[in-house]
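The structure presented is a predicted model; accordingly, all values stated were derived computationally and were not measured.
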Amino acid sequence: MAHNVIAEGKRCLNCKKPLCRQGCPINTPIPEMISLFLSGDIERAGKIVFENNPLSPVCALVCNYGGQCQGKCIRGINGEPVEISSIEYFVSTYYFDGLEPVKTKSNGIKIAVVGAGPAGITIAIKMAELGYDVTVFEAKPKIGGVLRYGIPDFRLPRTLIDKYETLLRKLGVKLRFNFTVGKTVGIMELFRDGFKAVSIGTGITWPVTLGIRGETLGHVHYGVHFLQNPEVYDLGEKLIVIGAGNVAADVARTALRRGVKDVKIVARSDRYTADEEQKEYAEIEGAQFIFNKAPVEITDEGVMFADTICDKEHKVISVSDHPKLMTADSVMVCVSQRPSDLILTGTPGLERDDRGFAKVNFDGSTTLEGVFASGDVVRGAKTVVEAAATSKRVAFAMDNYLKEKYLNRA
């Protein structure tokens, strides 16, 4: 956070062609937000940002600003870019904290939102504002999805996520927790019970395995599971984190804060693939990054790694035949995630692509009429702001579908 967001706002050039806005996946009206903020109309500034992106307070904390809006700022060419993240956080939380939503009159149409992560929250808010009777089905006991169970509290306070539950209830959204659609009941039962459309936003909660010998040993864990409930793990003093993304960095930083003394983040290629800022935080907090090491076997003593060579595109083109042991008390696998396939494989007519994700059209409609999907279950692990952007588009598509099919009939 900047020490003085007003001073940062004054550095904005209010460009006629704002590259910052073009760099934002959800097209946040950044210059207008800053202009209204500096004029003292913080309420209006927050309103236009929130209406564009209901997850703006969250995105202001977890977005990769350097690779998006802030990285496109014209001031960054010859100096420091305007710290848009600080301004958006100040403006959006000011508005969000004082928000008193008015429940829209119901149009009598019931819709189901499966999953209460970034995608589900965005769609539930938008559809409730449009007058639909929304029920959210969530497998966990609280809303948030990856926001609560995948991003550490020191990066995204749980109190902020809790405020979204309050907002949803004020909008009239019904919440069913500890309820897994696809396991308890399926999509067909939702239609049977009067829901006219279903939105799937279950995310990608299952870890991708390494597929190597030793992965079932007792000191081996998966990062997506660890971040859900880190206090139940005893990792010892030396931890190896296998992976090169934000999950790996979050796992390393969480482990260090829980008393692990020696944390190594080991990447197969020659570079870190996620936010540079997260890499820097992990390093300054004590994590060591090691590149060009491919895990070939996990033993009771640690991990056998082979040296790798990468091409100019950072792809591994060669793996050594002489692996060496890197000792550790625990091993954390953080290479990727995949979608839970319960709802995708258990629903007749709902097709998946060759990666196992839901097959959708541009508007989020699936191969099953009345069923839409958005977020990571469609595209794999992406950012919160990208989930919000696609989900907003899907909400409008659902609205158009329902109006045409149920509300505009003579």
Taking atom types as modelled, find out whether [X] and [Y] have a side-chain donor-acceptor pair closer than 3.5 angstrom.
X	Y	value
Ser391	Ser374	yes
Ser85	Glu88	no
Asn361	Ser365	yes
Thr327	Lys238	yes

So, does [X] use its side chain to make a donor-acceptor pair with the main chain of [Y] at under 3.5 Å?
X	Y	value
Thr383	Glu386	yes
Asn53	Leu55	yes
Asp275	Gln278	no
Asp270	Phe291	no
Thr366	Leu368	yes
Glu215	Gly211	yes
Arg11	Arg75	no
Arg158	Leu156	yes
Ser92	Gly46	no
Glu283	Gln288	no

For residues [X] and [Y], determine if any side-chain heavy atom of one lies less than 4.5 Å from a side-chain heavy atom of the other.
X	Y	value
Leu61	Leu160	yes
Leu167	Pro101	yes
Leu227	Pro152	yes
Val58	Pro118	no
His219	Val331	yes
Asp153	Pro157	yes
Gln22	Asn27	no
Asp363	Phe396	no

Sole candidate of Val260, Val251, Thr254, Val263 that passes side chain to side chain contact (heavy atoms under 4.5 Å, CB included) when paired with Leu235: Val260
Which residues pass the side chain to side chain contact (heavy atoms under 4.5 Å, CB included) test with [X], sequence neighbours left out?
X	result
Ala112	Phe137, Leu190, Phe195, Val198
Leu130	Met127, Tyr132, Asp399
Ile317	Ile309, Asp311
Thr166	Lys170

Just grab all the ring pair (Phe, Tyr, Trp, His ring centres under 6.0 Å) pairs involving residues 48-78, residues at least two apart or on different chains. Phe50-Tyr95, Phe50-Phe96
Any pair with a residue in residues 244-290 that passes ring pair (Phe, Tyr, Trp, His ring centres under 6.0 Å), sequence neighbours left out, goes on the list, sorted by first then second residue, please. Tyr272-Phe289
To the nearest 0.5 Å, tell me how far Lys359 NZ sits from Thr367 OG1. 7.0 Å
d(Tyr406 OH, Lys196 NZ) to nearest 0.5 Å is 5.0 Å
Apply salt bridge (charged side-chain N to carboxylate O under 4.0 Å, His left out) to Lys392 and list each qualifying residue two or more places apart in sequence or on a separate chain. none
Could you pull out all residues at least two apart from Arg257 that satisfy salt bridge (charged side-chain N to carboxylate O under 4.0 Å, His left out)? Glu285
Take Gln228 and Tyr222 through the side chain to side chain donor-acceptor pair (under 3.5 Å) test and state the conclusion after the steps. CA-CA 10 Å; Gln228 290 179 20; Tyr222 294 103; over 6 Å; no
Holding to side-chain hydrogen bond (donor to acceptor under 3.5 Å, both in side chains), I want the full list of residues that pass it with [X], two or more places apart in sequence or in another chain.
X	result
Lys140	none
Asn400	none
Arg148	Asp162

Any chance NZ of Lys142 has more than 12 other-residue heavy atoms, nucleotides or ligands included, within less than 6.0 Å? yes
Is atom CD of Glu189 surrounded by more than 12 heavy atoms (other residues, nucleotides or ligands) closer than 6.0 Å? yes
Any side-chain hydrogen bond (donor to acceptor under 3.5 Å, both in side chains) involving residues 289-299? Give me the pairs, sequence neighbours left out, ordered by first then second residue. Asn292-Thr308, Lys293-Asp307, Thr299-Glu301
Pairing of Asp262 and Lys264 as salt bridge, 4.0 angstrom limit: yes
Could you walk me through whether Asp193 and Lys110 satisfy the salt bridge (Lys or Arg N to Asp or Glu O under 4.0 Å) test, starting with their C-alpha distance in whole Å, then the side-chain angles of each, then the deciding distance to 0.1 Å, before giving a yes or no? CA-CA 10 Å; Asp193 291 345; Lys110 290 183 172 64; over 6 Å; no
Report the C-alpha distance between Ser35 and Glu32 in whole Å, list the side-chain angles of each, state the deciding distance to 0.1 Å, and finish with yes or no for side chain to side chain donor-acceptor pair (under 3.5 Å). CA-CA 5 Å; Ser35 179; Glu32 187 179 358; over 6 Å; no
Starting from the C-alpha separation in whole Å, work towards a yes-or-no answer on salt bridge (Lys or Arg N to Asp or Glu O under 4.0 Å) for Lys126 and Glu51. CA-CA 9 Å; Lys126 288 297 183 184; Glu51 288 180 347; over 6 Å; no
